[in-house]
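Read the numbers this way: they start at 1 and go in the same order the structure lists the ligands and their atoms. Here the structure is a predicted model, which is why all the values come from computation and not from measurement.
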Amino acid sequence: MDAIGNMSGSYSSTVGLFVFVITIFGLVWFLKRSKNLPPGPMSPLTILTLGEESFIKLTQFSKDYGPIYCLRQGTSLFVVLNDITVIKAALVEQAEVFSNRLTSPGIDIINDGTKGSILFGKGENWKEMRRFGSQAMRTFGIGKRSIGKKISEETIPLISEFLAQEGKAFNPNDVINNAVSNIICSISFGERYEYDNVEFQFLLSCLQKLSTSTSGLTMVNLPSLLAKFLVHIPPFKKRVDLFKSIQKFVSTKVKEHSATLDPNDIRDIIDMYLLEADKQSTSDKSFHYDINRTWRFVQDLFAAGSDTTSNSLMWAIAILCHYPEVQEKVFEEIKRVVGVDRLPTYEDKGNLPYTEAVILEIQRFRPVVPLVGRESIRDTNLSGYFIPKGTVILMNIWATGHDPLKWDDPYDFVPERFLSPDGGRVSHNDSHIPFGIGRRVCLGESLAKMEIFIFFSSLVQRFRFKVPEGHPLPSLEGKHGIVFCIDPYLVCTEPRI
Ligand code: HEM
């Protein structure tokens, strides 16, 4: 018995020693890795307490901790980049290290996987989708089949809808969203829809519900096992069902396109995708294109391009109501340069510097994507600090646009800051990055600029926007989901022509 007792005693002291050594090693490893991290608040719950205006609170932290600092949520490390110098040092000078989007196996499950996704894709799959997306944008966005003409055509029903309100108070959100989404329908499906089309409205309602349903910073730690369970219960189940509806919608279009595909006449993005899928089926390259995942690419375009552009226009109209003198100056410039007998086109932009400066200032003053999440794919050094692999990187676009070292009176709305002293030219500021920066810069930047310019200048040419009598000015506080949205408001229009 004594021998057995001695054996078990020496066994437990060996295990105890082993645990002790592992703990010491773990502690040394942790301290080594924690050494030289950027400064930041110590609480492991800071991210959870940020709430809706996370980008504003994150900007305030930079007053205490500087342009680069870190936060923790449980075991996840977040590094926030708040000025253009650190953002360029990371996302441009070390583009490869920071080229992954913020995601996790858990989030990926909730989002129905990332295969074929340009927005959330990683590694080689993302690179191929990005190459494909850039080619698609060149061809259907700004290239030979210029979308400028289609956007100008879409202003006609848009203006009709505004006229149909006959000056009564209304919320312009739905009609603007119809026009903007129709542009993505044109490049993706090769067709636009009437605004009362049931199919179209069904698609938009799914996309709308998806963009407001659960997701975000606080889910970074979501374990895959839990995510696999959550997708079967509300509200996550609803998200999965919405994905299925969009998949069904796009798959019908894919079938129709397959049946009529002519490789010599590529009509839209679905045709381009089908052709790539066909090419890859006969090559020995790894398989990136899957016809059953076409919907994912198209859905990403809507997800990234619809709410962002609509909300930019919604902010624009609200801001014009707040600054009627700016609205009059834009109208006067358009009247002088373009006249009132035709609608402005994208080609007029170079001759309308004040109009362009107002658009740039709207995007600085109220950036619709104030915060962008990325992830480091390996250990690295940034601005003298150690950044471990897997760190969540937050690019604070709000902070760069409101940096007092780069802008005079950053919280004031002053379009002239984007003009040369004589007002004849637009002048740029490198801290103005509403479309992000680096390898994952907005794929639809050129398209969005075109849409915003054409819709905005056409609406201002045709209407004077006013707050309905007895109503308050639209609130400029906004709500931060994935997109920084303006709160619903009412406006009325006075036709100018
Ligand atoms: C006012 C309108 C828009 C704004 C402010 C905006 C802004 C942004 C921003 C900040 C990013 C992240 C960039 C980064 O990580 O550095 C992004 C990504 C993206 N945007 Fe836009 N966007 C707009 C419109 C559009 C449109 C119209 C489309 C296409 C139809 C589009 C497609 C995309 C895509 C596909 C990505 C992901 C790119 C990637 O991960 O490689 N966006 N956008």
Side-chain angles (χ1 to χ4, degrees), residues 55 81 84 87-88 90-92 95 98-103 114 116-142 147 150-151 154 176-177 179-189 207 211 268-269 296-316 359-360 362-375 392-398 400-401 432-456 482-486:
F55 54 92
L81 311 178
I84 193 64
I87 288 177
K88 278 189 179 163
L91 306 188
V92 177
F98 298 106
S99 62
N100 271 359
R101 222 165 261 305
L102 158 64
T103 164
T114 58
S117 171
I118 180 163
L119 203 47
F120 298 107
K122 293 186 180 188
E124 286 307 308
N125 192 240
W126 166 73
K127 280 188 189 155
E128 186 56 33
M129 287 303 125
R130 179 84 198 192
R131 187 201 62 74
F132 172 76
S134 306
Q135 196 192 334
M137 284 295 150
R138 274 197 304 277
T139 311
F140 299 110
I142 47 175
I147 195 75
K150 289 221 167 82
I151 302 170
E154 196 63 45
I176 288 178
N177 194 38
V180 165
S181 304
N182 246 342
I183 300 304
I184 304 179
C185 288
S186 291
I187 57 173
S188 304
F189 312 136
L207 291 160
S211 76
D268 47 40
I269 290 179
R296 170 48 104 188
F297 188 88
V298 173
Q299 197 253 320
D300 277 0
L301 293 185
F302 279 106
S306 203
D307 266 8
T308 43
T309 313
S310 305
N311 264 288
S312 303
L313 290 163
M314 285 296 290
W315 281 113
I359 294 174
L360 292 168
I362 289 167
Q363 291 183 315
R364 182 201 69 81
F365 189 63
R366 289 296 179 268
V368 289
V369 187
L371 208 56
V372 173
R374 304 272 195 89
E375 193 189 35
V392 175
I393 303 294
L394 296 178
M395 157 167 54
N396 192 348
I397 291 179
W398 172 273
T400 60
H432 185 57
I433 50 164
F435 296 96
I437 199 166
R439 274 192 200 177
R440 293 200 86 141
V441 65
C442 176
L443 181 83
E445 177 172 353
S446 305
L447 173 61
K449 283 181 174 164
M450 222 186 252
E451 285 185 64
I452 293 172
F453 179 82
I454 296 174
F455 288 145
F456 177 79
I482 292 168
V483 170
F484 182 34
C485 302
I486 188 162

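Taking every non-hydrogen atom of L119 and a distance limit under 4.0 Å, the qualifying atoms of ligand 1 come out as 36 (C), 37 (C), 40 (O). Short contacts between ligand 1 and V368, defined as distances under 4.0 Å to a heavy atom of the residue, involve ligand atoms 5 (C). Heavy-atom contacts of P434 reach the following atoms of ligand 1: 5 (C), 7 (C), 10 (C) (cutoff under 4.0 Å). Under a 4.0 Å criterion applied to the non-hydrogen atoms of S312, ligand 1 contributes the atoms 1 (C). Close contacts between ligand 1 and I452 involve ligand atoms 1 (C) [criterion: under 4.0 Å to a heavy atom]. Atoms of ligand 1 found under 4.0 Å from any heavy atom of V372, numbered from 1 in the order shown, are 10 (C), 14 (C), 15 (O). Atoms of ligand 1 found under 4.0 Å from any heavy atom of I118 (numbered from 1 in listed order, with element): 35 (C), 39 (C), 40 (O), 41 (O). Ligand 1 places these atoms under 4.0 Å from at least one heavy atom of V369: 7 (C), 10 (C).
By the 3.5 Å distance cut-off applied to N or O atoms, R130 is counted among the residues near ligand 1. Backbone and side-chain nitrogen or oxygen atoms of R374 are examined, and one is located within less than 3.5 angstrom of a nitrogen or oxygen of ligand 1. When only interatomic distances are considered, the shortest N/O to N/O separation between L447 and ligand 1 does not fall below 3.5 Å.
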Original post:
Run the side chain to side chain contact (heavy atoms under 4.5 Å, CB included) check on F456 and I362 step by step: do they pass?
Top reply: CA-CA 11 Å; F456 177 79; I362 289 167; 4.2 Å; yes

**OP:** Determine, step by step, whether M395 and L91 satisfy the side chain to side chain contact (heavy atoms under 4.5 Å, CB included) criterion, reporting the C-alpha distance in whole Å, the side-chain angles of both residues, the deciding distance to 0.1 Å, and the verdict.
**Re:** CA-CA 9 Å; M395 157 167 54; L91 306 188; 3.6 Å; yes

Subject >> R101 vs E375, side chain to side chain contact (heavy atoms under 4.5 Å, CB included): CA-CA, chis, key distance, verdict >> reply: CA-CA 6 Å; R101 222 165 261 305; E375 193 189 35; over 6 Å; no

**OP:** Please assess R440 against V372 for the test side chain to side chain contact (heavy atoms under 4.5 Å, CB included), listing each intermediate value before the final yes or no.
**Re:** CA-CA 10 Å; R440 293 200 86 141; V372 173; over 6 Å; no

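Residue E445 places no heavy atom under 4.0 Å from ligand 1. Look at W126 and you'll find a heavy atom under 4.0 Å from some atom of ligand 1.
Scanning all protein heavy atoms for the shortest distance to atom 27 (C) of ligand 1 gives G305 CA, 3.5 Å. For atom 21 (Fe) of ligand 1, the closest heavy atom belonging to the protein is C442 SG, 2.3 Å. With hydrogens left out, the protein atom closest to atom 6 (C) of ligand 1 is F435 CD2, 3.7 Å, a heavy atom. When hydrogens are left out, the protein atom nearest atom 23 (C) of ligand 1 is T308 OG1, 3.5 Å; that is the closest non-hydrogen contact. Ranking the protein heavy atoms by distance from atom 13 (C) of ligand 1 puts R440 O, 3.1 Å first.
When ring centroids are compared, W315 and F484 come within the 6.0 Å threshold.
A donor-acceptor pair shorter than 3.5 Å can be found between the side chains of Q299 and R296.
The shortest heavy-atom contact between G305 and V180 is O-CG1, 3.9 Å.
Salt bridge E154/K150: absent, no basic N to carboxylate O contact under 4.0 Å.
Of the residues N396, L81, I397, the one that meets the side chain to side chain contact (heavy atoms under 4.5 Å, CB included) test with I87 is L81.
The aromatic rings of F302 and F189 are tilted relative to each other, their planes meeting at an angle between 30° and 60°. Between F55 and W398, the ring-plane angle classifies as tilted under the 30° and 60° cut-offs.
Comparing G438, A304, A448 by heavy-atom distance to atom 34 (C) of ligand 1, the nearest is A304. Among R101, M450, M129, M395, the residue whose heavy atom sits closest to atom 15 (O) of ligand 1 is R101.
At least one donor-acceptor pair under 3.5 Å links the side chain of D300 to the backbone N or O of I118.
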